[in-house]
Amino acid sequence: MKKYLVIAYLSLLQMFTYRLSFILWRFRNIFNLVFIYYLWTSIFTNKNSLFSYSQEKLMTYILVMTLVSSLVLSTRTAEIGADIISGNLINYLLKPISFFKLVLSKEFTDKLLNFTFSVIEIFLLVIILKPHFFIQANSQVYFFAFLSFLIGSFIAFLISLNISLIAFWSSEIWAPRWIYSILIWFLAGSFFPLDILPDLLYKILLLTPFPYLFFIPTKIYLDGFSLNIFPPIVISLVWCYILFIVTKKVWKNGIKNYNAYGR
Amino acid sequence: MIRNLKIFWLLSTLSAKTAFQHRVGMISFISGKIVRFAFYFFFIYFLVSKTRFLAGYSLLQTLIFFLSFNFIDALTQLLFREVYRFRPLIISGEFDGVLLKPYHPFIRILIGGIDIMDTITIIPYIFVLVYYIFQIPHLNSANLLLYGGFLLNGLVIATGFHIIILAVGILTTEIDNIIMIYRDFTKMLSLPVDIYKEPLRSFLLFVIPIGIMMAVPVKVLFGLLTFNMFIISVIVTFLFMFFSLFLWNKALKKYQSWGS
């Protein structure tokens, strides 16, 4: 366990090596939040509610979704694809450590760092913009929202890992990752709550893994037990299981044929 | 001039050939761009058709803001894609080789290779934009002409931005995030600038003249631009271009060829 803590600590130091790059990257997250915030503020001008959302709930959706998505989507798995292509993966496999525990250590650090900075950024924006904010009073809801968030994080981790594992067969790994980011932008609810969409489209989306990344955790926080919590949690667990099995198979097949060219 | 055009053509041909080496990636990127456009278009259409207005603009007007943004954004990416590849030249010291060549370095590092993918995706953007522009009731030909003029003005500002990115790249070797911040700023103007409150709105219009680049052409088209704003836009563009070239010259003097 100690060696993985050291890896997590080193990973943290590594992230702070390029400080300007880090600051600029955080700056970008604020832009996205400001853009979405103003878009919805403008839409709610002279309106109290729209698409069954009050202004208070929609602004809370944006802020909570931003926080949850910063945790769910922060990942270091993209590096694995580059390591496979460069042959660097073999360096990890030969070491007396578990490769996946190493990946999880880095993942944990990345999420911790993102969470910390997102909280600070959102706090500052709340002070500056003074949005209406809804606080969930039922403490039991927080447990289910957190559970849903953990499942969403695991789904995002497995999808991202699978995209990186494409590198076992093709060097074209950036295009699938870019398409994945586009799909997340629109289908996971980072732009708008998905339930404002036409009913049929919303129901179809609920069959895909995207809403479970951060729309459902945020929705659970907002609606509490007035939302039927169990069907989305069950579907997200099914997705976890499917993606886990797929990842195991892809990794097994990929590593069997891996030649680590150039090493 | 003709010699420079020949070099530009040669570099663009080579860039296109390089892109065609990665056919799967190229098809994926083009598909991704079109899917992103379609999603965004659908979202705006869906949203504003329900609310009827966005910051006082109708659905048609909001769509023209979005489509004009897409056109300018794709055009600048098409022309200035080489800026995205500038960092390795600085890190490796290969930029020395560019400076030694008997032509202006901007031909290589600024416009040295058009992006073939954006050349393909800009075509449907233009068709959709033209279609919606001709849906404007009582379209004024003078406004249409001014719209074209201000699109060119926007291209000048975009050139200035990319020169600044190159200069900052020389000074700090930080390019990727700066470009993405520029893209994030421009994305904020994919919808009417009027959705932002003061002082952010003025900041987007005058301090970093993204608003003049993206929003002013469309306002001209709708006949919403005052004469004062017209003059201010031209002056800001001139000052911004002057500043970008000033910064470029400063950066060149600081360049130390670390990597070579």
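Values in this document were obtained by computation on a predicted structure and should not be read as measured data.
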field: Ser171(A) portion near chain B, given a 4.5 angstrom heavy-atom threshold
entry: neither
query: Phe35(A) and Met188(B): which non-hydrogen atoms are nearest, and at how many Å?
result: CD1-CA, 3.7 Å
field: Closest-packed option against chain B by number of heavy-atom pairs under 4.5 Å, given Ser42(A), Ser181(A), Pro198(A)
entry: Ser42(A)
- prompt: Stepwise, does the side-chain contact (heavy atoms from CB on, under 4.5 Å) test hold for Ile182(A) with Phe39(B)?
  reply: CA-CA 9 Å; Ile182(A) 291 171; Phe39(B) 274 148; 4.3 Å; yes
query: Based on non-hydrogen pairs under 4.5 Å, which of Asn177(B), Val24(B), Leu200(B) is most in contact with chain A?
result: Asn177(B)
statement: Counting heavy-atom pairs under 4.5 Å with chain A, the top scorer among Val48(B), Ile181(B), Thr51(B) is Ile181(B)
task: Tell me, yes or no, whether the heavy-atom count around Phe133(A) atom CZ, taken from other residues, nucleotides or ligands under 6.0 Å, exceeds 12.
output: yes
- prompt: Relative to chain A, which segment of Ile27(B) carries a heavy atom at a distance below 4.5 Å: side chain, backbone, both, or neither?
  reply: neither
message: Counting only heavy atoms not in Phe51(A) (residues, nucleotides, ligands), do more than 12 fall under 6.0 Å from its CZ?
response: yes
field: Engaged part of Lys33(B) at the chain A interface, taking heavy atoms whose separation is under 4.5 Å
entry: both
field: chain B contact via Leu187(A) - which portion, at a heavy-atom distance below 4.5 Å
entry: side chain
query: chain B: which of Leu197(A), Ile36(A), Leu50(A), Val34(A) shares the most heavy-atom pairs with it under 4.5 Å?
result: Leu197(A)
query: For Phe43(B), is it the side chain, the backbone, both, or neither that has a heavy atom closer than 4.5 Å to a heavy atom of chain A?
result: side chain
field: Proximity breakdown for Leu129(A) and chain B, heavy-atom pairs closer than 4.5 Å
entry: neither
query: Among Leu191(B), Asp184(B), Asp194(B), which has the most heavy-atom pairs under 4.5 Å with chain A?
result: Asp184(B)
Interchain contact, Ser190(B) with chain A, by part (heavy-atom threshold 4.5 Å): side chain
- prompt: Looking at OH of Tyr196(B) and CG of Leu39(A), how far apart are the two atoms once the value is rounded to the nearest 0.5 Å?
  reply: 7.5 Å
message: Within the supplied structure, the quantity of interest is the number of heavy atoms (other residues, nucleotides, ligands) at a distance under 6.0 Å from Phe246(B) CZ; does it exceed 12?
response: no
query: Considering only heavy atoms, which portion of Ile173(A) lies under 4.5 Å from any heavy atom of chain B: side chain, backbone, both, or neither?
result: neither
task: Anything under 30° is parallel, anything over 60° is perpendicular, the rest tilted; go ahead and classify Trp178(A) against Phe29(B).
output: tilted
Residue Ile179(A) versus chain B: region with a heavy atom under 4.5 Å: side chain
message: For a quick test of reading the model, state the closest non-hydrogen atom pair linking Ile195(B) to Tyr38(A) and the distance between them.
response: O-CD2, 3.7 Å
- request: Could you tell me which non-hydrogen atom of Phe46(B) sits nearest to which non-hydrogen atom of Ile196(A), and how far apart they are?
  value: CZ-O, 3.0 Å
- prompt: Does any heavy atom of chain B fall under 4.5 Å from the side chain of Tyr37(A), the backbone, both, or neither of them?
  reply: neither
- prompt: Hey, are the side chains of Phe191(A) and Leu47(B) touching, using non-hydrogen atoms and a 4.5 Å cut-off?
  reply: no
